[in-house]
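Just below is one structure, and these are the notes that go with it.
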Number of protein chains: 2
Amino acid sequence: MHSHSPARRQSGKPVRVLLADDHELVRDGIRARLQKVADLEVVGEATNGREAVSLAEELRPDVLLMDVSMPVMNGLEAARQVRKSLPETAVLVLSVYDNPEYVRGVVQAGARGYILKDISATEMITAITSVATGGYYFSAAVGPTLVGAATSAPVEDPYGLTERERQVLSAIARGQPNKEVAKELGISVRTVESHRLNLREKVGNKNAAQLYKVAQDLGLLD
Amino acid sequence: MHSHSPARRQSGKPVRVLLADDHELVRDGIRARLQKVADLEVVGEATNGREAVSLAEELRPDVLLMDVSMPVMNGLEAARQVRKSLPETAVLVLSVYDNPEYVRGVVQAGARGYILKDISATEMITAITSVATGGYYFSAAVGPTLVGAATSAPVEDPYGLTERERQVLSAIARGQPNKEVAKELGISVRTVESHRLNLREKVGNKNAAQLYKVAQDLGLLD
DNA sequence: CGCGCATTCGGTAGTATTACTGAAAAGCTG
DNA sequence: CAGCTTTTCAGTAATACTACCGAATGCGCG
């Protein structure tokens with residue numbers, strides 16, 4: 001009751017890859033990397049999203065390795081279209097951003113993988129093989145944003161929260177009212193209120209519901 | 001400014017794999033598959049979660065390929081412990097279930113991949129290579145539940161919320177106070193309060209901060 | 001049609017949170 | 001030591017939310 005969707009090609013035949021990036025230099029670099037691998041074959045190159053879509057429809061590659069930021073039509077929109085017209089082609093997005101919002105958008109557009117441009121040739125090949133085999137591949141840096149964080153390296157904190165504030169935030173996010181937070185930390189309710197207000201100040205004027213998100217982003221919940 | 005966390009081993013050296021499954025037959029099958037691959041080396045085998053953890057600490061494998069359902073200590077708890085004591089070891093979970101809840105639990109326990117037992121040898125090897133290289137790998141069937149769909153159906157709702165309640169929940173989770181939710185939906189504050197209280201009733205007596213989590217679980221936020 | 005359910009709204013009361021201002025003690029740093 | 005941050009706590013007032021109560025409308029279903 002699963003098993004439709006992309007690829008799942010026969011092993012034996014090489015993986016047919018279509019490259020899409022507006023920078024020739026980048027395409028050259030990638031092609032150079034991929035040409036050394038027997039199992040991979042670069043069947044075409046596109047310089048923008050629209051070209052990527054039409055070339056993909058013509059060539060029907062196993063994998064479309066595509067940059068997100070391109071002129072005419074960006075990779076996001078292109079990914080959407082390819083996923084519709086060519087469900088057999090796995091879209092693997094290549095980007096310089098490890099921004100969570102960005103990653104989310106990309107995978108929702110139907111990409112089956114997201115890799116960063118600073119990865120090694122080995123990893124790039126693995127990623128291509130992965131999506132071509134029918135799986136999903138994500139670079140280490142973007143994985144946590146997908147699975148809801150909890151990596152181990154405590155995400156560094158863009159808000160500049162103090163230790164105490166993190167403790168309070170954690171307790172609040174777990175659903176405790178100020179009174180119980182106070183009891184848990186052995187401080188007065190007023191103090192908890194102070195921290196709470198400082199938190200709202202620091203993270204932006206978000207309400208209680210939103211504090212959960214922040215706590216989660218900071219990995220305070222596990 | 002990323003790059004800590006697991007693996008990211010040198011290419012050249014073989015990937016050291018620790019197998020954990022309570023069925024000898026399964027272990028034998030997997031080992032047979034992996035032994036044919038030069039880049040992979042099975043360095044040990046465990047028959048339950050506790051054994052997997054202690055063997056992992058001793059052998060420090062690149063990848064721990066582990067079943068979820070095992071006696072003594074299940075794979076979920078084992079994954080958590082390994083992630084704490086051995087951040088360098090990538091946990092790749094092997095399971096027969098493509099149940100969304102299950103997958104979520106597993107990745108939140110820190111697994112860097114989730115594959116189904118019915119996959120091909122090729123895909124299993126790709127998956128192992130993927131997590132060993134520092135990436136995240138997910139089988140085709142479980143990927144959609146991770147990325148929040150775009151492929152499959154809108155996560156079914158264990159709470160039995162109504163359409164209107166979902167709208168209200170969504171607005172609350174986005175951080176709006178009742179007053180603004182009312183304005184947005186064109187209803188009175190009292191009605192929003194009703195919905196809010198009904199929501200708390202339905203999802204359990206969680207507070208405002210926790211409502212965010214529910215909204216997220218239900219995919220109301222994107 | 002009567003019943004249940006979703007949706008809407010009101011009253012009243014109490015609790016919680018926010019928005020201010022102000023301040024004291026502890027610790028670190030130049 | 002003076003200045004800084006962190007953490008602590010207080011007063012006061014407004015706003016928001018919770019916990020109950022009850023009730024009207026509309027809609028589908030047996």
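Chain A is the first sequence line, chain B the second, and so forth, proteins listed ahead of strands; every chain is numbered from 1.
By the side chain to side chain contact (heavy atoms under 4.5 Å, CB included) test, E201(B) pairs with no residue at all, sequence neighbours left out. Residues satisfying the side chain to side chain contact (heavy atoms under 4.5 Å, CB included) criterion with N48(A), sequence neighbours excluded, are R50(A), E51(A), P71(A), V72(A). In this structure, the side chain to side chain contact (heavy atoms under 4.5 Å, CB included) partners of S188(B), at least two apart in sequence or on a different chain, are R190(B), T191(B). With sequence neighbours excluded, no residue satisfies side-chain hydrogen bond (donor to acceptor under 3.5 Å, both in side chains) with S120(A). With sequence neighbours excluded, the residues that form a side chain to side chain contact (heavy atoms under 4.5 Å, CB included) with R60(B) are L86(B). With sequence neighbours excluded, no residue satisfies side-chain hydrogen bond (donor to acceptor under 3.5 Å, both in side chains) with S194(B).
Regarding contacts with the backbone of dC5(C), every side-chain N or O of T162(B) stays at 4.0 angstrom or more from both OP1 and OP2. Between H195(A) and dT8(D), a side-chain N or O to OP1/OP2 separation shorter than 4.0 Å is present.
In DNA chain D, runs of at least 3 stacked Watson-Crick or G-U pairs (N1-N3 plus N6-O4 or O6-N4, or N1-O2 plus O6-N3, all under 3.5 Å) give these stems: C:1-12 with D:19-30, C:14-17 with D:14-17, C:19-30 with D:1-12.
Applying the salt bridge (Lys or Arg N to Asp or Glu O under 4.0 Å) test to every pair with at least one member in residues 70-80 of chain A, sequence neighbours left out, gives these pairs: E77(A)-R80(A). Under the salt bridge (Lys or Arg N to Asp or Glu O under 4.0 Å) criterion, the residue pairs touching residues 171-188 of chain A are R174(A)-E184(A), with sequence neighbours excluded. Contacts classified as ring pair (Phe, Tyr, Trp, His ring centres under 6.0 Å) and involving residues 188-212 of chain B (residues at least two apart or in different chains) are given here: Y212(A)-Y212(B).
In this structure, the side chains of V192(A) and L185(A) stay at 4.5 Å or more apart for every pair of heavy atoms. Side-chain contact between M66(B) and V91(B) is present, with at least one heavy-atom pair separated by less than 4.5 Å.
Between the CG atom of L185(B) and the P atom of dT8(C) there is a distance of 8 Å, rounded to whole Å. At whole-Å resolution of the value, CG in N198(A) and P in dT18(C) are 12 Å apart.
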Subject >> Base-contact (B) and sugar-phosphate-only (S) positions in nucleotides 25-30 of chain C, heavy-atom cut-off under 4.0 Å, - elsewhere >> reply: ------

Original post:
When you check every protein heavy atom under 4.0 Å of nucleotides 12-30 of chain D, what one-letter string (B, S, -) results, 5' to 3'?
Top reply: B---SSBB-----------

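In terms of position along DNA chain D, the nucleotide closest to K202(A) lies nearer the 5' end than the nucleotide closest to the other residue of the pair T191(A) and K202(A).
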